[in-house]
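Working notes for the structure below.
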2 protein chains.
Amino acid sequence: MAEDPEYLCPVDVPLHHLGGKWKLIVCFYLLQRPCRNGELRRLIPQVRQKMLTQQLRELEASGLVQREVFDQVPPKVVYSIVDKERAALEAVVYPLCEWGIDRVGRHGGRILTTTLPTDF
Amino acid sequence: MAEDPEYLCPVDVPLHHLGGKWKLIVCFYLLQRPCRNGELRRLIPQVRQKMLTQQLRELEASGLVQREVFDQVPPKVVYSIVDKERAALEAVVYPLCEWGIDRVGRHGGRILTTTLPTDF
DNA sequence: CAGTATCCTAGGGGATACTG
DNA sequence: CAGTATCCCCTAGGATACTG
């Protein structure tokens with residue numbers, strides 16, 4: 001995540017910005033709608049708070065996710081996809097989703113969550 | 001890489017099969033044309049032989065890459081994308097490439113290799 | 001040429017506890 | 001609620017050497 005890094009080839013770029021263990025999953029959910037910290041934790045039960053925070057910060061540093069703090073008690077923080085990056089991000093995440101769905105169809109496996117519950 | 005794994009969400013699937021440090025990069029080059037072991041090593045100078053072999057084996061296990069051995073001296077081994085998976089793989093790798101190229105255009109950075117030299 | 005076989009370490013990431 | 005702060009483990013992956 002250096003200033004002006006050199007990438008070996010084009011796919012190297014997304015690898016640097018989305019390569020974390022949880023980043024794509026977080027983006028998958030945030031693309032559906034903005035989420036609070038606790039929502040993301042419930043959507044991704046296996047992730048630890050530390051990791052979630054870290055990955056969110058890195059996505060923020062990449063300019064893909066924005067963090068909005070509401071100054072109130074109890075605290076409220078909402079994460080969302082940066083508007084300007086949404087289209088580009090969708091163009092990369094959706095094909096990944098389709099590949100995933102297509103693949104389990106042809107090779108087996110089970111996908112637990114495809115869409116995000118609206119009232120989560 | 002279990003038999004019939006459970007995936008949290010659709011992007012989780014590509015994460016499991018393409019999530020290695022070098023897999024996407026290897027696929028990027030193999031999508032252009034079949035390559036020998038040594039070619040891949042020269043194309044990806046940072047990768048260690050051990051890692052290259054390991055990632056290739058995992059791609060093979062995922063049914064994405066096939067390994068052809070020519071029984072001759074000196075040995076010749078050619079890796080290539082499995083025909084049936086090519087279209088699906090392209091549908092996911094190309095958008096990643098475009099995102100990469102688009103992103104360095106808008107945010108800075110330098111991509112060293114975009115296309116593979118034909119006579120490599 | 002195309003790999004194994006060892007050895008080893010950095011840091012990614014888990015668990016638990018605490019705070020504004 | 002939304003996080004830090006520690007501690008610690010483990011394994012992905014690096015370095016080096018050897019082989020059919």
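Chain identifiers are assigned alphabetically (A, B, ...) following the order of the sequence lines, protein sequences preceding nucleic acid strands; residue numbering begins at 1 within each chain. Given the structure is predicted, the values throughout are model-derived calculations rather than measurements.
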Check: Over how many whole Å does the gap from B:Q54 atom CD to C:dG3 atom P extend?
Finding: 14 Å

Item checked: Axis deviation across the helix from C:dC1-D:dG20 to C:dG20-D:dC1, five-pair ends, to the nearest 10° -> 60°

Check: Taking the side chain of A:N37 as heavy atoms from C-beta outward, which of D:dA2, C:dG3, C:dG13 is closest to it?
Finding: D:dA2

Margin query: Need one value for B:R41: base, sugar-phosphate or nothing, where a base atom within 4.0 Å counts as base even if backbone is also close, heavy atoms only.
Written below: nothing

Next item on the list: May I ask you to verify if any side-chain N or O of A:R48 is less than 4.0 angstrom from the OP1 or OP2 atom of C:dA15?
Entry: yes

Checklist line | Spacing between B:E60 atom CD and C:dA2 atom P, to the nearest angstrom | finding: 15 Å

Next item on the list: Mind calculating the distance between CE (B:M51) and C1' (D:dG14) to the nearest angstrom?
Entry: 8 Å

Check: Using a cut-off of less than 4.0 Å, is there contact between a side-chain N or O of B:R36 and OP1 or OP2 of C:dC1?
Finding: no

Note to self: Set out, in order, the CA-CA distance, both residues' side-chain angles and the distance that settles side-chain contact (heavy atoms from CB on, under 4.5 Å) for A:L24 and B:D12, then state yes or no.
What the structure shows: CA-CA 8 Å; A:L24 272 172; B:D12 211 7; over 6 Å; no

Notebook entry, point to check: Expressed in angstrom and rounded to an integer, what is the separation of B:Q46 atom CD from D:dG13 atom P?
Noted result: 14 Å

Item checked: Side chain of B:P75 (C-beta onward), nearest among C:dT4, D:dG13, D:dG20 -> D:dG20

Note to self: Let me spell it out: for each of A:K50 and A:K76, pick the nucleotide of DNA chain D with the closest heavy atom. Which residue's pick is nearer the 5' end?
What the structure shows: A:K76

Item checked: Side chain A:K21 and base C:dG13 donor-acceptor under 3.5 Å -> no

Check: Are any of the side-chain nitrogens in B:E60 or B:R57 under 4.0 Å away from the carboxylate oxygens of its partner?
Finding: yes

Next item on the list: Output, in order, the C-alpha distance, side-chain angles, deciding distance and verdict of side-chain contact (heavy atoms from CB on, under 4.5 Å) for B:K21 and B:M51.
Entry: CA-CA 9 Å; B:K21 188 171 180 179; B:M51 272 300 107; over 6 Å; no

Check: What is the ring orientation for B:H16 with B:Y7, classed by angle as parallel under 30°, tilted 30 to 60°, or perpendicular over 60°?
Finding: perpendicular

Check: Can you tell me how far C1' of D:dG3 sits from CG of A:L56, to the nearest Å?
Finding: 11 Å

Notebook entry, point to check: OP1, OP2 of D:dA2 versus side-chain N and O of A:R57: anything below 4.0 Å?
Noted result: no

Note to self: Nearest heavy atom decides the nucleotide; on that basis, is B:Q49 or B:Q55 closer to the 5' end of DNA chain D?
What the structure shows: B:Q55

Note to self: What is the distance, to the nearest angstrom, from the CG atom on B:L52 to the C1' atom on D:dA15?
What the structure shows: 16 Å

Next item on the list: Grab the CG-P distance between B:L15 and D:dA12 for me, whole Å please.
Entry: 15 Å

Note to self: Any non-hydrogen side-chain atom of A:V82 less than 4.5 Å from a side-chain atom of A:V65?
What the structure shows: no

Notebook entry, point to check: What's the verdict on side-chain contact (heavy atoms from CB on, under 4.5 Å) for A:L30 and A:L89, showing C-alpha distance, side-chain angles and the deciding distance?
Noted result: CA-CA 11 Å; A:L30 289 186; A:L89 202 57; over 6 Å; no

Note to self: Check the phosphate of C:dG3 against B:R67, side-chain N and O only, distance under 4.0 Å to OP1 or OP2. Yes or no?
What the structure shows: yes

Next item on the list: For B:T53 and B:Q49, test the side chains for any donor-to-acceptor distance below 3.5 angstrom and give the result as yes or no.
Entry: yes

Next item on the list: Ignoring backbone atoms, test whether B:Y79 places a side-chain nitrogen or oxygen under 4.0 Å from the OP1 or OP2 oxygen of C:dG3.
Entry: yes

Margin query: Using side-chain contact (heavy atoms from CB on, under 4.5 Å), reason through B:L96 and A:L15 one step at a time and then give a plain yes or no.
Written below: CA-CA 9 Å; B:L96 284 167; A:L15 238 28; over 6 Å; no

